[in-house]
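Report on one structure; see the data block that follows.
Whatever order the structure lists ligands and atoms in, that order sets their numbers, starting from 1. The residues of the chain are indexed from 1 along the displayed sequence.
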Amino acid sequence: MSAGLAYPWPEPPAPGSAIEVAPGVLWMRLPLPMKLDHVNVYALDDGDSWTVVDTGFDTAKTRAIWQTLLDGPLAGKPVKRVIATHHHPDHLGLAGWFMERGAAFWTTRTAWLTARMLVLDEQDAPTPETIAFWRAAGMPRDLLAQRAGERPFNFADTVHPLPLGFTRLQDGQTVRFGGRDWDVATGDGHAPEHATFWSRDDDLVIGGDQLLPGISPNLGVYPTEPGADPVGEWLDSCTRFLARAEDRHLVLPGHKLPFTGLPMRLDQMRENHISALERVVALLASAPQSAVGCFPALFKRPIGPAEIGLALVESMAHLNHLARQERITRAGTDDHGAELWRVA
Ligand SMILES: [Zn+2]
């Protein structure tokens, strides 16, 4: 029987300040201009320098807060290493900025390649493949027409240019930083080859978005790999992490509060998606639906225009997983070109 979740610090650090969560390990927060309005970042004491884990977006506001941190809790020694748990902009947006100031960059090869590709792949308009993907997923026609004429969100909008040169982190490796040896364990589903770090010297686990309390990280299918199965990869990753998770672990997550109770949390994260898959099957058993048509079963709340992009990729992810399991199959298209799904 595993213990419930507990949060040793009920309040997060104020902007520009830090909380020491273990000897030499500082927890800090940066704002995000989204519904999920913050990201956690950490600084670990290397004696004569700091290792920073994750960075926030590259915005003037975030850089100003970092300057306050560098002049405050981190004053007196330089940041010589920056680690990104995964390639998402809220986690490595300022990695290049730290590199320009003398830091080495550590991340997984997939995170590096993906970030490097996306930061260089700036688009003024959605690609034809993206528009076709949205149409097939059932995006409402008026919204599709509007989005087709707008500049899309670009990775480079919130990610600093990445200079060449990184150090590769790999599953199964042991690395040393912050006065501890850490086992590197990677997971998939939210971001490919997402790194987590498990201390050999105390109870700390750096979880990024792979090990989060309270919120379910987005699992999405994109036009870059329309047949991907991130839900399957996520479920497999949760199972693998369960084999190493213990109640003693203090998880330092990418969002929300540090927590204990990781075995139970991994069970919950798995269950969330398994029950979502069952709700989708039940909906499709009553009538064929598009990915957008599955929103009520998946989210159980209205999805507004600001959320529809993330909701759509998440719905496609669940449909792809069910299709791989041969529980559902394609059922033609509707009058607007949306692909419909039915139970097999
Ligand atoms: Zn993420």
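Put simply, CG on L319 and SG on C294 are 4.5 Å apart, with the number rounded to the nearest 0.5 Å.
Residue-and-atom listing of protein N/O/S atoms under 2.8 Å from the Zn ion (ligand 1), sorted by chain and number: H86 NE2, H88 ND1, H190 NE2, D209 OD2.
A salt bridge links K77 to D45: at least one charged side-chain nitrogen sits closer than 4.0 Å to a carboxylate oxygen.
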Result block: side-chain N/O donor-acceptor pairs under 3.5 angstrom for residues 217-232, not counting sequence neighbours:
from: N218; atom 1: ND2; to: L310; atom 2: O; distance (Å): 3.3
from: N218; atom 1: ND2; to: E314; atom 2: OE1; distance (Å): 2.8
from: D229; atom 1: OD1; to: G232; atom 2: N; distance (Å): 3.0
from: D229; atom 1: OD1; to: H321; atom 2: ND1; distance (Å): 2.9
from: D229; atom 1: OD2; to: H321; atom 2: ND1; distance (Å): 3.2

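For the pair Q289/L283, a side-chain contact is recorded, criterion being any heavy-atom separation below 4.5 Å from C-beta on.
With sequence neighbours excluded, no residue forms a ring pair (Phe, Tyr, Trp, His ring centres under 6.0 Å) with F155.
Applying the ring-ring contact (aromatic ring centres under 6.0 Å, His included) test to every pair with at least one member in residues 127-147, sequence neighbours left out, gives no pairs at all.
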